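Chain A is the first sequence line, chain B the second, and so forth, proteins listed ahead of strands; every chain is numbered from 1. Small disclaimer: the values here were computed from a predicted structure and weren't measured.
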2 protein chains.
Amino acid sequence: MNQLKLENQLCFPFYAISRQITALYRPLLEPLDLTYPQYLVLLVLWESKSLSVKDLGKKLLLDSGTLTPLLKRMEQDGLVIRQRDKADERVVLVSLTEKGITLENEAKDIPFKLASCLALSMEEFINLKAQLDKLMETTSALK
Amino acid sequence: MNQLKLENQLCFPFYAISRQITALYRPLLEPLDLTYPQYLVLLVLWESKSLSVKDLGKKLLLDSGTLTPLLKRMEQDGLVIRQRDKADERVVLVSLTEKGITLENEAKDIPFKLASCLALSMEEFINLKAQLDKLMETTSALK
DNA sequence: TAAAATTAAATTGTAAACAATTTAATTGCA
DNA sequence: TGCAATTAAATTGTTTACAATTTAATTTTA
């Protein structure tokens with residue numbers, strides 16, 4: 001088997017599916033004026049009131065080079081507030097505005113709508129998720 | 001189960017793993033002066049001598065807005081040649097230079113090196129690939 | 001305690017991605 | 001034939017990613 005053939009690659013499907021999934025989110029997120037990475041930030045903030053850029057980056061596997069401009073745009077859109085931590089001025093804490101909090105309710109159908117696009121049975125979903133989580137653990141450890 | 005929790009998402013792992021894999025490729029591709037998307041273009045061109053931008057895009061699921069600047073950079077780096085199709089001047093045919101052809105030999109170990117990073121058994125690899133191919137078919141059809 | 005090391009964000013610069021539009025060539029059909 | 005529709009790339013503009021560096025604050029340690 002020729003390992004240099006595109007069709008024999010495992011990595012290409014990850015690259016392609018990731019972009020395809022983002023494309024599926026687009027029409028669902030567009031009414032909320034969100035991009036997929038912005039939506040991910042909100043997912044995290046809906047779980048925890050306030051988080052440092054650092055901790056946000058740990059959850060999303062993104063660095064400040066990506067997060068700083070992204071969060072600034074979200075701040076401009078009135079979704080989040082960025083403020084220096086009084087206890088440690090190096091840290092910037094990100095929290096939701098009222099508008100950001102409100103958006104959770106408008107977004108609550110999105111996971112179901114998206115899941116239905118993927119046409120997976122519950123069993124397939126769980127099975128695939130387990131494999132992805134395992135792989136993610138492997139790749140994260142190699143950082 | 002709260003579907004809006006990051007950890008319950010199927011899509012986030014795709015997004016994250018895709019970027020992690022690209023990060024694993026980086027040190028392998030850096031000696032060849034290639035980015036991951038550029039490497040994908042070469043994978044396709046190593047299989048077929050010459051291809052239109054359109055057909056390249058079909059294989060990689062990328063449009064001309066992404067491919068045109070990417071191919072121009074590869075042309076500048078002396079990896080490919082871009083020339084209008086004499087039979088249909090709308091079409092731009094992309095083919096490899098001598099340097100681009102030569103690179104195949106230098107890249108032949110990369111798939112194995114990368115596969116070893118992922119720490120999957122042959123069975124897991126095949127199983128996962130099948131699931132990804134199926135999912136890719138689903139998402140591609142929704143375009 | 002003062003300098004060195006570390007840490008957290010921000011900044012700079014480059015390369016993807018992609019929607020939307022534009023340009024130019026070809027096709028189809030009235 | 002000739003003009004409208006279609007097609008293929010290119011262009012424009014915005015947003016991600018990320019390496020590498022810089023800035024500023026905090027910790028460590030000599």
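Going from atom CD of B:Gln83 over to atom P of D:dA10 covers 13 Å, rounded to whole Å. At whole-Å resolution of the value, CG in A:Asp33 and P in D:dT14 are 15 Å apart. Rounded to an integer number of Å, the gap from A:Leu71 CG to C:dT11 P is 13 Å.
Distances shorter than 4.0 Å separate none of the side-chain N or O atoms of A:Thr66 from OP1 or OP2 on D:dA17. In this model, the phosphate group of C:dA17 is not approached by any side-chain N or O of A:Thr22 to a distance below 4.0 Å at OP1 or OP2. Checking the phosphate oxygens (OP1, OP2) of C:dA10, a side-chain nitrogen or oxygen of A:Arg82 falls inside 4.0 Å. Put simply, B:Arg73 has a side-chain N or O that comes within less than 4.0 Å of OP1 or OP2 on C:dA16. At C:dA9, one or more side-chain N or O atoms of A:Ser52 fall inside 4.0 Å of OP1 or OP2 (strictly under the cut-off). At the phosphate of C:dA16, neither OP1 nor OP2 sits under 4.0 Å from any side-chain N or O atom of A:Tyr15.
For A:Ser64, counting side-chain heavy atoms from C-beta on, the closest listed nucleotide (D:dA17, C:dC18, C:dA9) is C:dA9. Checking D:dT16, C:dA8, C:dA10 against the side-chain heavy atoms of A:Arg84 singles out C:dA10 as nearest. Among the nucleotides D:dA17, D:dA9, C:dA9, the one closest to any side-chain atom of B:Lys54 is D:dA9. You'll find that the side chain of B:Val91 is closest to D:dA9, out of D:dA9, C:dC18, D:dA17. Closest to the side chain of A:Leu62, from the set C:dA24, D:dC18, C:dA17, is D:dC18. For A:Thr68, taking side-chain heavy atoms from C-beta onward, the closest of the listed nucleotides C:dA24, D:dC18, C:dA10 is C:dA10. Each of C:dA16, C:dA24, D:dC18 was ranked by its minimum atom distance to the side chain of B:Arg90; first place goes to C:dA24. Considering only the side chain of A:Val92, C:dA10 comes nearest among D:dT7, C:dA17, C:dA10.
Ion pairing of B:Asp55 with B:Lys59 is absent here, as no side-chain N (NZ or NE/NH1/NH2) approaches a carboxylate O to less than 4.0 Å. A:Arg73 and A:Asp77 are not joined by a salt bridge, as no carboxylate oxygen comes within less than 4.0 angstrom of a charged side-chain nitrogen.
Backbone-only engagement by A:Leu70 is indicated by non-hydrogen atom pairs under 4.0 Å involving sugar-phosphate atoms exclusively.
Note that OH of A:Tyr36 is 11.5 Å distant from CG of A:Leu28, once rounded to the nearest 0.5 Å.
Not a single donor-acceptor pair under 3.5 Å links the side chain of A:Thr68 to the backbone N or O of A:Gly65.
The aromatic rings of A:Trp46 and A:Tyr39 lie perpendicular to each other, with more than 60° between the two planes, well past the 30° mark.
Remark on DNA chain D: of its neighbouring residues B:Lys72 and A:Lys86, the 5'-side contact belongs to B:Lys72, judged by nearest-heavy-atom nucleotide. Summary of the strand contacts: B:Asp88 and A:Glu89 both lie near DNA chain D, and taking for each the nucleotide with the nearest heavy atom, the more 5' one is attributed to B:Asp88. Nearest-nucleotide assignment on DNA chain C puts the 5′-proximal partner with A:Gly65, out of A:Gly65 and A:Glu30. Where A:Val53 and B:Tyr36 each meet DNA chain C at their nearest nucleotide, the meeting point lying more 5' is that of A:Val53.
Across A:Leu60, A:Leu132, A:Leu43, a single residue satisfies side-chain contact (heavy atoms from CB on, under 4.5 Å) together with B:Phe12, and that is A:Leu60.
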